[in-house]
Amino acid sequence: MEGQYVVFENVTKIYKTGETEIRANDNVNFHIAEGEFCAILGASGAGKSTILNLLGGMDVLSSGTITIDGRNLAKLNLKQLTDYRRNDVGFVFQFYNIMPNLTALENIELATEICKDSLDAKAILGDVGLDDRANNFPAQLSGGEQQRVSIARAIAKNPKILLCDEPTGALDYETGKKILKLLRDFSKKSNKTVIIVTHNQAIKAIADRIIHVKNGSVESIEINENPIDAEMLEW
Amino acid sequence: MVKNNGKGSYIKYITRGIKNHIGRFLAIIAITALGAAFITGLSTTAPNMRASIDAYLDARTAADIIIKAPYLSADDIAALTDSGYADKITPAICLDADIDGMSARLYYLTLGENIVNKPVLLDGRLPNNHNEIVVETSGTYIKNIAVGTVLTFGVANIAPVSAEYTVVGIVSNAWYFSKEKELTYIGRGYLDTIIYFDISYYESLNFYTDALITVKDNAKLDTFSDRYKEATDEAIQAFEALGENKDWYISDRETNQSFLTFRENANKIEAISVVFPVFFLLVATLVVLTTMTRTVNEERLSIGTLKSLGYSDFKIASKYILYALFSSLIGVAFGVISGFRLLPAVIYNTFSTMFHLPELSYGFYFGTGLISSGVMVISILGATVYSALHTLKETSAALLRPKTPKAGKRILLEKIPFIWKHLKFKYKSTLRNVFRYKKHFFMTIIGIAGCTALVFAGLGLKDSADSITKVQYSEILKYDVCLGVDGSMPIGSLSEYLNNSDGYIETFQKMGYILSDKKDVPATLIVVRNAQAQNLNDFITLRERKSKSPIKLTDGVIISEGISVQLGIKQGDTFVFDGREYTVYKISENYVNNYIYMTENYSGFAFETTHIFVKDSALSGNADQINESLSALNGVSTSELLSETKEVFQRPLLQINFVIIIIIVSAGALAVIVIYNLTNVNIEERKKEIAALKVLGYHDREVAGYVYRETAILTLLGSIAGLGLGVLLLEYVVKLMDGINMMMGRHITPLSFILAFAATFLFTSIVGVFMYGKLKKIDMNASMKDME
Ligand SMILES: Nc1ncnc2c1ncn2[C@@H]1O[C@H](COP(=O)(O)OP(=O)(O)OP(=O)(O)O)[C@@H](O)[C@H]1O
Ligand SMILES: [Mg+2]
């Protein structure tokens, strides 16, 4: 259905630690259209990462349904979830999570080697502007560059959705801006759904859709009719 | 991580550290326990065994010196007493005779509490008249004769008229505490029974043949010590002076077969009990020490955080120091306590098949165990302190940044693009991981190599012990029976038994010592007639050990390898035997006893037949069956069945084999824990990477592959290195175990190489399967959240 590429319906995620129950997500409802560049905002502990993790198949929900491209994640077993992560999801984290003992290029191959419709690793590395750093190890790259490798790795999988959890959290202003632009360009150029979790309200300006989360639930959803280019972003 | 201040949270921080790494903590306990148990147990075994026997011999007033003479008068005994060297002297008549179809040793002495070599009653009572006797308790060769049995015999020169004697008691004499063959010059060459008469009922007997003597104050000395030997030698010299011109033969415990075999066995155990445990402990220490270093490195971030919070270096380091201290001390305590009791008892018990043994007493022989365990704990603590301080030297900002591998580190293989290009990334990653940290690489390889080496050396030692009897009694000695004959005896009287002249060979044999400055090596000279030089090979294989190429007796004097090993003499060297000098022509393979072979013309002796080697092919019936008739022949003084000799030499090897099995099992256990520990540390260090792979959609099997490929390569390299190391270790231990009369085999079966190698891999696989669950449980979310 148009506009219903990603759908959260009454999603609840409860973490049990001993006696206590934490409702990290409490009856979350929203949907996102295909090709959208979407931001999830909210205070610390609001449940943003939880949403992303559930959507990314890294965790299983307690109740409700999550549909992506018509497929209900709640019905998948652990092995199917792994396959889903393998072929349909690209993940970018705050701390890059790239292998220290593999070069930039090899880090991308690490992902492309196992998934079905992957893109050319070398070309993607070029797309993120790291042509000449292909054979460098993470230790030889700056934080921003490492994050680019991580983004390239996620993109190269040619996933259905790209999930980013505070991708600019560890970067300085200029670098963060470049990263956001990169993600947005990717979304627009290849019509991919990109979902970004961030603390920074300023991302509102470039996102198509902004989901505000509070205390585990969706507080409000904003549609941005005229998103601006990332370079013009100020914060 | 510390969330709030205060003492409570700091203690929690430490206990949680242990809980989080509980596998590691337990592994350290297990490794240190195993190491400590092994070294304490093995190092105390031989001293405990010796001390027990020493106490036993003292308690039984076993003789220190025995003087044998054709005739010892009451005056002689008085002279010995007056010499002042003797504590107790028990005069006796002792002779070996054929009685009632048995080869017996007869003792006529005053039976009672206060005598030397006191026969202690086990059953029945002591004799009350001259027709009552007591007999020695049964062993492997000493027959079981029940109380009440009546034996009918006469004893030449003492009670020549045949009479009936009733067995009224069973006794045990510490002088005969071995259950093995007690040799004699009569019958088949060993005793069937030992009979004790109370001499007080034989008033006509007014002479003695033996004086059983304990030396003054010798009981206070350890019979295995040099001081004991010195004291005894001094007494012997004094007695020799008294016995001059009287044809006295004075001997000490060195001629007691029970004592000798026991000492030889204890020495062998001691030989294995030093090198192995020390090596074992080295491996254990190394593994634990690396584990601690890695633990500290793994927790850089926590350390950085604590540092930035203002915790003192001491307080931060103390977590790791306490962790190491607790685990290694618990391990050592466990190990020392269990090893101290368990191993000596188990090993000692196996000797009861060979000896009538007293209870094992546990002396305080912890020295080696405690010192080496202490060294182990100190090294572990030292390494922990060092790496903690080393890490703490960095600024907290540096610590909070993840430690990255040195820039541009590429491995050698990458310089060969032909291979590298074609490798899948996962192999590249594995190979880089393997070679990334040199220290981890070497520590892991050495740890695994150490375990493989131990397993291999254990197996190899078993091979060499096995090959002694296997090779000696089937490949080298090929005759079936060796008959000792009176020099005067014409071969004719044997002729009804020997019906094939190729089936036997006449030899001249002489026992003696090859003297050297270092030691005197007992050897048997075997001479054959010149014309029969070629024939000896049918009875005894003369060949070189390594090449197996046959040696011709026609060309010179051949010595068995043990002589060459003990004295360090080689081809072309000379040696002296029985006052004559010989030049070594060749050295022949041989494991048990020492032999010198030559033909009549090289020997310088006039040939007379003393022994005949006979094969079954020459006999009507096989030697085992007709041995009785052979030994009964007039002129045949002894007959030694090879099959029986083989048994005699196999038995002590059973005990050694048992110790070897303990070594193999312990080495295996160490290997399992070491491999578990290395895999565990490896997984915990890689948590982040493993989580990243999971996020990328790697299946559990693929993730396991990522970790296990690395372990497999390290195991491969480690076990290959281990086999090399094992060969060296084995060579060293085997040499230590060579006895003066028994050379360890030098043959290692290919199976031992394969087994040691396969065992290492099997252990790794088992650990791998075991750890698979842990890999599966690694939580992606948790690992993605922080940088640690
Ligand atoms: N594995 C877990 N076990 C228990 N509670 C958890 C777990 N993961 C998250 N939570 C709790 O769920 C709630 C939501 O966490 P979540 O990580 O989704 O927050 P967030 O919005 O991403 O916060 P931040 O912006 O700080 O990253 C928090 O209260 C958190 O403590
Ligand atoms: Mg979050």
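As a basis for the values below, the full set of heavy atoms in this structure was taken, side chains included, without hydrogen atoms, waters or symmetry mates. Chain letters run A, B, ... following the sequence lines, proteins first and then strands; every chain starts at 1.
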- Tell me, yes or no, whether the heavy-atom count around A:Asn215 atom CG, taken from other residues, nucleotides or ligands under 6.0 Å, exceeds 12. no

- Of all the heavy-atom pairs spanning A:Met99 and B:Ala692, show the shortest one and how long it is. CE-CB, 4.3 Å

- Pick out which of A:Asn97, A:Leu110, A:Ile114 makes a side-chain contact (heavy atoms from CB on, under 4.5 Å) with B:Leu693. A:Leu110

- Message: More than 12 heavy atoms of other residues, nucleotides or ligands under 6.0 Å from NZ of A:Lys214: yes or no?
- Response: no

- Query: Any side-chain heavy atom of B:Arg432 within less than 4.5 Å of one from A:Thr103?
  - Reply: yes

- Query: How far apart are the closest heavy atoms of B:Val695 and A:Lys157, and which atoms are they?
  - Reply: O-NZ, 4.5 Å

- Any side-chain heavy-atom pair from B:His699 and A:Asp83 closer than 4.5 angstrom? yes

- Query: Side chain, backbone, both or neither: which part of A:Lys79 has an atom under 4.5 Å from a heavy atom of chain B?
  - Reply: both

- Item | For chain B, the option from A:Arg153, A:Glu166, A:Arg85 that forms the most heavy-atom pairs under 4.5 Å | A:Arg85

- Task: State, to 0.1 Å, how close A:Arg86 and B:Gly697 come at their nearest heavy-atom pair, and which atoms those are.
- Result: NH1-O, 3.1 Å

